[in-house]
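Only this structure's heavy atoms are used, side chains among them; waters, hydrogens and symmetry mates stay out. Since this is a predicted model, take the numbers as computed values, not measurements. Start at 1 and go down the list; that is how both ligands and their atoms are numbered.
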Amino acid sequence: MNTDLHITDARIEPVAAKVLADERLSADDGLALYESNDLLAIGWLANHVREKRHGNLCYYNINRHINPTNVCGAHCRLCAFGRDNNAAGAYSYSLEEIWERAGQGVAEGATEFHIVGGLHPDLPFSFYLDMIRGLKQRFPQVHLKAFTMVEVGFYARISKLSVRDTLLAMKDAGVDSLPGGGAEIFNPRVRKIICDHKTSGRMWLDIARAAHEIGLRSNATMLYGHIETPEERVEHLLLLRDLQDRTKGFQTFIPLAFHPDNTALAHLPKPTGFDDVKTIAVSRLLLDNFDHIKAYWIMLTPKIAQIALRFGADDIDGTVLEEKIYHDAGATTPQHMTRAELERLIRAAGRVPFERDTFYNPVDRSKMPPARTANRTADFIPQTSLSLNV
Ligand code: V47
């Protein structure tokens, strides 16, 4: 056993042996990790895997969130963002307003728009395609990471297209990849309570597979810290790992800490910092076929996200600009961070900031022409060519 590693929980010993031998962990191993309080040993192991893959680098990007509408018919108990049409606080931006917001992001140097919104009962699929076409036409250099699997399933339903044809129409309009939201916890017991009317877990996975099959990469998330059991977390992670074995289409995994304020689950306590950090580490250890684990500072807080960079995370998301979903649910973090602030956090954790585009290519601003051609890949490019010796 490595002498730097001190294990105080005997259940972690066999798991550690597997990690150090590069062996795949089982569901029981995942459970042992979740049920252990030996956070330093678990973190050491996750950091070991993280440094083997990415050295000292910490990835971030300059991105702009755009939430076209908060009107949503799903009424998920976990959510504080969705509103009924005409309810107080409900909004739907016009296409011009969306393009104007996007323009603000470009002025800030955004290389990515992260676009997700409510399941609006009246807006047609063509609205979203027009939005994407308009964005691509105006800002061809910006990557469009748009629409969760849940939105794709909804658009397929309202447009009476198959999921595959819906995805093909999105891709044709200019969508470059998909964000990872809406996965929550795949288990039907949990979904029935926290997001009853949403796309099922099975459907979420099927839509992700269909996206990957037509060359659209995506991220994946897990919403934790509400009513789920450790077994249900492990099941969720292993379902993602199975799909990734088949498609290799997931880029990044993002554990999302539940924020209960202003939701129908407001009586639940928030996840603790211990759970946040452990969840990052366990994700890194179980998801051996995911390149990246993201510590999303907006929901973890910048302080916990920074610590997560030593517990398995290699990515801290981006500058974000105008986050709404967590802030409606009581997040007290800022809605935006400057590049300088992000880089300071990363450096203070002893990591080397690496500005990336959505596909984890380096962004070289000194060489970047004012309007780059869009980076649209149909095939997945292995992300292993970066120099890790920093
Ligand atoms: O889909 C909703 C979750 C997601 C709450 O792909 C909540 O790079 C906590 O998916 N408390 C949206 N979570 C955010 C998301 C995301 C974030 C950053 C990066 C990426 C990426 C994706 O937030 C939703 C849902 O799973 N969510 N309400 C809440 N009250």
Please indicate whether any nitrogen or oxygen in [X] is less than 3.5 Å from any nitrogen or oxygen in ligand 1.
X      : value
Ala80  : no
Tyr296 : no
His114 : no
His259 : yes
Leu223 : no
His65  : no
Thr221 : no

Which protein non-hydrogen atom lies closest to [atom], naming both residue and atom, and how far is it?
atom                    : answer
atom 12 (C) of ligand 1 : Ile325 CD1, 3.9 Å
atom 6 (O) of ligand 1  : Gly180 N, 2.8 Å
atom 26 (O) of ligand 1 : Glu184 OE1, 2.6 Å
atom 9 (C) of ligand 1  : Tyr326 CE2, 3.0 Å
atom 2 (C) of ligand 1  : Leu78 CD1, 3.4 Å
atom 1 (O) of ligand 1  : Gly182 N, 2.8 Å

Atoms of ligand 1, numbered as shown, that sit under 4.0 Å from any heavy atom of [X]:
X      : result
Asp317 : 19 (C)
Gly181 : 1 (O), 10 (O)
Ile254 : 6 (O), 8 (O), 20 (C), 21 (C)
Pro179 : 6 (O)
Ala329 : 30 (N)
Thr263 : 30 (N)
Lys294 : 8 (O), 19 (C), 21 (C)
Asn219 : 6 (O), 8 (O), 21 (C)

Could you tell me whether [X] and [Y] have a side-chain N and a carboxylate O separated by less than 4.0 Å?
X      : Y      : result
Arg101 : Glu97  : no
Asp176 : Lys136 : yes
Arg24  : Asp245 : yes
Glu112 : Arg64  : no
Glu184 : Arg191 : no
Asp165 : Lys160 : no
Asp314 : Arg351 : no
Glu108 : Arg339 : no

Under 4.5 Å between any side-chain heavy atoms of [X] and [Y], yes or no?
X      : Y      : result
Val152 : Leu178 : yes
Leu39  : Phe274 : yes
Ile42  : Ser36  : yes

Hey, is [X] one of the residues with a heavy atom under 4.0 angstrom from ligand 1?
X      : answer
Leu256 : yes
Met299 : no
Ala257 : yes

**OP:** For the residue pair Phe81 and Tyr91, categorise the inter-ring angle as parallel (less than 30°), tilted (30 to 60°) or perpendicular (more than 60°).
**Re:**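 Rings of Phe81 and Tyr91: perpendicular, over 60°.
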**OP:** Test side chain to side chain donor-acceptor pair (under 3.5 Å) on Thr252 and His292 and set out the steps.
**Re:** CA-CA 5 Å; Thr252 306; His292 301 286; 5.4 Å; no
Subject >> Exam field: side chain Arg138 to backbone Gly134, donor-acceptor pair closer than 3.5 Å >> reply: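 Checked: pair present.
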